[in-house]
Amino acid sequence: MSGFPDDLPFFGDDEAPRATPRAGGIAARAMAARQAPRYLEGLNPEQRLAVETTEGPVLVLAGAGTGKTRVLTTRIAHILATGKAFPSQILAVTFTNKAAREMKTRVEILVGQAVEGMPWLGTFHSIGVKILRRHAELIGLSSSFTILDTDDQVRLMKQLIQAEGIDDKRWPARQFAMMVDGWKNKGLAPADIPEGDSRAFAGGRGRALYAAYQERLKTLNAVDFGDLLMHPIRIFREYPDVLADYHRKFRYILVDEYQDTNTAQYLWLRLLAQRPRRSAPEGAGAEERSAPVNICCVGDDDQSIYGWRGAEVDNILRFEKDFPGAKVIRLERNYRSTAHILGAASHLIAHNEGRLGKTLYTEHVDPDDVKVKVHAAWDSEEEARAVGEEIEALQAKGHALNDMAILVRASFQMREFEDRFVTLGLNYRVIGGPRFYERQEIRDALAYFRVVAQGADDLAFERIVNVPKRGLGEAAVRQIHDVARLRNTSLLQAARDLVGTEEMKPKQRSALRNLVESFERWQGMLDRTPHTELAELILEESGYIDMWKNDRSAEAPGRLENLKELIRSMEEYESLRGFLEHVALVMDAERDEELDAVNLMTLHSAKGLEFDTVFLPGWEEGLFPHQRSLDEGGRAGLEEERRLAYVGLTRAKKNLHIWFASNRRIHGLWQSTIPSRFLDELPEAHVEVVEEASAYGGYGRPLGHRQPGRPNPYGPSRFDEAGDVFSSSYATPGWQRAQKNRTDATARNWGTRSGHQVERIGYGEPDSGYGAGRGSVKGRTIEGELVAKSVSDQPSPFKVGERVFHLKFGNGNIAAIDGNKLTINFDKAGQKRVLDGFVERV
DNA sequence: CTCACATAATTTTTT
DNA sequence: ATTATGTGAG
């Protein structure tokens with residue numbers, strides 16, 4: 001429940017006054033063309049209807065691959081071309097910058113240069129910033145407010161929690177940040193927090209802390225991401241004249257991915273979409289509104305996969321209730337996938353109950369189309385190997401690696417594939433993960449810039465006072481803090497004051513003076529030095545560059561490279577301030593299309609993408625659907641997982657391979673697994689179960705060893721048979737072989753091989769080993785297998801099945817041997833992996 | 001202040 | 001198992 005009463009009616013019969021675009025504009029030109037405009041050509045009837053139904057509320061239910069973006073962009077083009085509105089009178093919101101950029105580009109192509117400014121096309125957040133900058137004073141901010149990211153947010157909260165004398169170990173700031181995010185997603189201000197929610201943190205102090213946090217943000221002249229929605233909502237509510245301005249302004253509202261909107265976004269949209277009834281009696285409450293709403297929401301309830309971060313599928317399911325008289329247009333003709341893939345996806349998603357219901361179809365049927373293939377692997381390592389082989393086979397047949405993707409449920413699954421690809425020397429790229437600007441070195445550099453551009457940015461100042469190390473530790477920072485609080489100034493100002501006194505130890509005082517003077521110098525240069533030059537200078541003079549140059553760790557060169565990249569990217573902006581404005585909201589890496597590489601990403605980050613061949617590994621109970629979704633979300637959680645599966649399936653254009661492994665290591669422990677229930681939800685007619693006959697595959701495996709203690713709780717499965725081939729006790733030769741092969745592969749990765757390229761898109765952990773920088777390409781050499789031998793060929797003094805005693809875990813039976821590591825089923829402690837040195841024969 | 005050790009957590013991600 | 005984070009001693 002999103003908590004909105006259904007008593008805010010929307011009437012679609014009240015026409016808004018309409019401006020007439022000036023002669024000579026796009027409209028005039030379009031009219032001159034007289035014929036059905038070219039941009040409408042090639043649309044199917046439903047798409048065309050969605051484009052041309054410009055008046056009143058419209059919900060476009062666009063199934064996967066049905067041309068959603070095309071409809072959206074053509075609709076904008078149509079509104080412009082027919083002169084219904086100027087570019088600046090259209091509000092078009094998306095969730096990601098990427099989507100916004102794509103939309104902008106495509107509209108420009110459709111309409112020609114004339115779109116110069118679609119100033120109100122952007123993400124919820126970027127539009128929120130724009131609105132907030134205009135009216136910041138109304139809620140006690142100055143329009144130069146800074147935008148805090150999650151990291152700043154958590155640090156700030158931690159300070160507050162500690163200041164309140166709350167044990168921040170028992171009540172971690174991270175957890176509180178998540179709660180506050182959740183509240184803001186729901187559009188709740190501190191005063192709206194229900195008692196129960198408040199009690200959920202620090203023994204009932206949740207609400208008070210939230211209020212304190214908001215207060216603190218205000219004094220810092222800062223906002224967090226959630227505020228970018230919350231503040232405009234508050235302004236709209238409290239200042240009807242401001243809201244009326246926007247009502248007059250926005251003639252058409254378009255929303256992309258409507259199924260992903262959370263309650264706050266819904267509220268925000270609703271405020272903008274509802275207009276005061278012209279005949280409304282004087283003194284009618286704010287609730288007494290009605291409207292002609294030219295709002296068009298595009299989405300797909302079956303692709304709602306962000307419930308866990310506050311998205312309300314309900315928003316899309318309730319659209320017709322929210323907007324009476326709304327036209328609902330279904331786009332069901334799919335232009336992407338084969339009939340088999342669509343059949344599989346449709347059949348699967350039909351198992352969900354809470355959906356509006358669509359049936360995808362295609363008119364393109366090719367006799368060469370292949371069925372969806374389901375494969376079983378012994379363990380996750382074999383799964384990775386087999387997928388690798390398939391990819392190499394496809395590559396040999398002339399398929400581009402760029403057209404293939406592996407979509408995993410959880411990011412830890414990526415590791416095994418990466419290992420495998422490195423071994424094979426196969427190019428791959430990882431999409432998703434931490435962003436470029438979330439990296440330590442980038443954030444440090446930005447903190448310097450922020451202090452220079454805005455001396456009052458205390459959080460930024462605090463971040464870098466002692467980076468690089470200047471001998472200004474906790475005690476010194478506390479001192480600066482105290483002075484700042486006492487005189488009610490910024491930390492930088494307090495530091496400046498403190499330097500003039502005797503209060504600090506000489507060593508620290510001179511270090512601080514040096515820093516303060518540097519900042520003054522840089523600030524003085526701000527307006528008369530090109531910003532990229534200044535940026536470089538700051539990083540040089542502060543000693544920040546040297547800090548990394550002197551760092552001999554493996555990631556240091558990558559970090560320096562990233563800093564260079566940062567400076568380079570600043571060139572696109574006019575000034576330091578302009579750059580900082582954008583950097584908080586926009587900064588994602590573009591994927592390098594030049595490099596032919598396999599795409600590796602989570603199912604979530606795959607939404608909106610498509611590939612000829614898609615591999616979906618890890619279809620096992622507990623992983624997919626994920627246990628935690630099941631535990632926390634119940635049936636709704638399961639349905640969201642199913643939608644995630646649907647998203648995965650519908651990414652494929654031609655070939656789709658689904659895998660499950662009978663054994664997988666979870667938290668360092670090997671566990672046998674059960675095939676995902678989703679496999680049983682696929683239709684026989686479109687699916688083919690592949691009997692593996694690969695080198696390490698089915699041959700020679702003992703048959704029919706069902707795990708006695710683990711019956712399939714979801715009833716008999718058609719894949720039980722296939723699973724049986726592989727499921728057996730750990731004492732089998734197959735298990736040991738798998739173990740051995742696993743260590744071999746790991747050992748091989750110690751080397752590197754040149755000529756193998758890895759691209760990481762927005763995936764920054766510089767210490768993750770492969771490729772340090774953003775989109776950086778780093779070679780690896782694989783020197784040889786000899787390393788491998790020495791590890792796994794060491795004979796163990798133990799044998800599988802032997803009974804042993806362990807000091808901590810007690811008695812148990814050896815289940816498997818892997819070099820000097822033993823997997824033992826302990827009578828009391830369950831299955832553990834231990835070194836053979838720690839056990840003795842009973 | 002820094003280094004070494006211990007401890008806890010470990011789905012998904014945008015802005 | 002792995003990793004990040006935090007604490008305690010030097």
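Letters A, B, ... mirror the listed sequences (proteins, then strands); counts begin at 1.
Residues passing the side chain to side chain contact (heavy atoms under 4.5 Å, CB included) test with A:Ala222, sequence neighbours excluded: A:Thr146, A:Leu148, A:Leu217, A:Leu220. A search for side chain to side chain contact (heavy atoms under 4.5 Å, CB included) contacts involving A:Asp631 returns A:Gln627, not counting sequence neighbours. In this structure, the side chain to side chain contact (heavy atoms under 4.5 Å, CB included) partners of A:Ser542, at least two apart in sequence or on a different chain, are A:Tyr448, A:Arg470, A:Trp522, A:Tyr544. Considering only residues two or more places apart in sequence or on other chains, A:Pro172 meets the side chain to side chain contact (heavy atoms under 4.5 Å, CB included) condition with A:Gln175.
A salt bridge between A:Arg643 and A:Glu640 is present, with a side-chain N of the basic residue lying under 4.0 Å from a carboxylate O of the acidic one.
Contact annotation for A:Lys507: no contact, since no heavy-atom pair falls under 4.0 Å across all strands.
What separates CD1 of A:Ile161 from C1' of C:dG6 is a distance of 15 Å, to the nearest Å. Distance A:Arg643 CZ to B:dT13 C1': 16 Å, rounded to the nearest Å. Atom C1' of nucleotide B:dT15 and atom CG of A:Leu229 are separated by 9 Å, given to the nearest angstrom. Distance CZ (A:Arg155) to C1' (C:dT5): 16 Å, rounded to an integer number of Å. Computed from coordinates, the A:Ile127 CD1 to B:dT15 C1' distance equals 13 Å when rounded to whole Å. Spacing between atom CZ of A:Arg664 and atom P of C:dA1 amounts to 18 Å, rounded to whole angstrom units. Note: CZ (A:Phe95) to P (B:dT15) measures 11 Å, nearest angstrom. Rounded to an integer number of Å, the gap from A:Asp256 CG to B:dT14 P is 15 Å.
Between A:Trp619 and A:Phe678, the ring planes are perpendicular. Angles over 60° get that label, and only those under 30° would be called parallel. Aromatic ring orientation, A:Trp268 versus A:Phe236: tilted (interplanar angle from 30° to 60°).
Taking atom P on both nucleotides, B:dT11 is separated from C:dA4 by 15 Å, rounded to a whole Å. Taking the P atoms as reference points, B:dT12 lies 15 Å from C:dT3, given to the whole Å.
In this model, the phosphate group of B:dT15 is approached by a side-chain N or O of A:Asn97 to a distance below 4.0 Å at OP1 or OP2. Contact annotation: A:Lys98 does not reach the phosphate of B:dT15 (side-chain N/O to OP1 or OP2, under 4.0 Å).
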Distances under 3.5 Å between nitrogen or oxygen atoms of protein and nucleotides 10-12 of chain B:
| residue | atom | partner | partner atom | Å |
| --- | --- | --- | --- | --- |
| B:dT11 | OP1 | A:Arg628 | NH1 | 2.1 |
| B:dT11 | O4' | A:His626 | NE2 | 3.2 |
| B:dT11 | O2 | A:Arg409 | NH1 | 2.9 |
| B:dT11 | O2 | A:Arg409 | NH2 | 2.5 |
| B:dT12 | OP1 | A:Ser411 | N | 2.7 |
| B:dT12 | OP1 | A:Ser411 | OG | 2.2 |
| B:dT12 | O4' | A:Arg409 | NH2 | 3.2 |
| B:dT12 | O2 | A:Trp308 | NE1 | 3.3 |
| B:dT12 | O2 | A:Arg409 | NH2 | 2.6 |

Identify all pairs in which a protein N or O lies below 3.5 Å from an N or O of nucleotides 1-3 of chain B, and state each distance.
| residue | atom | partner | partner atom | Å |
| --- | --- | --- | --- | --- |
| B:dC1 | OP1 | A:Gly473 | N | 2.4 |
| B:dC1 | OP2 | A:Glu474 | N | 3.3 |

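A:Gln214 and A:Lys184 are linked by a side-chain donor-acceptor pair at a separation below 3.5 angstrom, with hydrogens and angles left out of the test. Between the side chains of A:Gln159 and A:Glu462, at least one donor-acceptor pair of N or O atoms lies under 3.5 Å.
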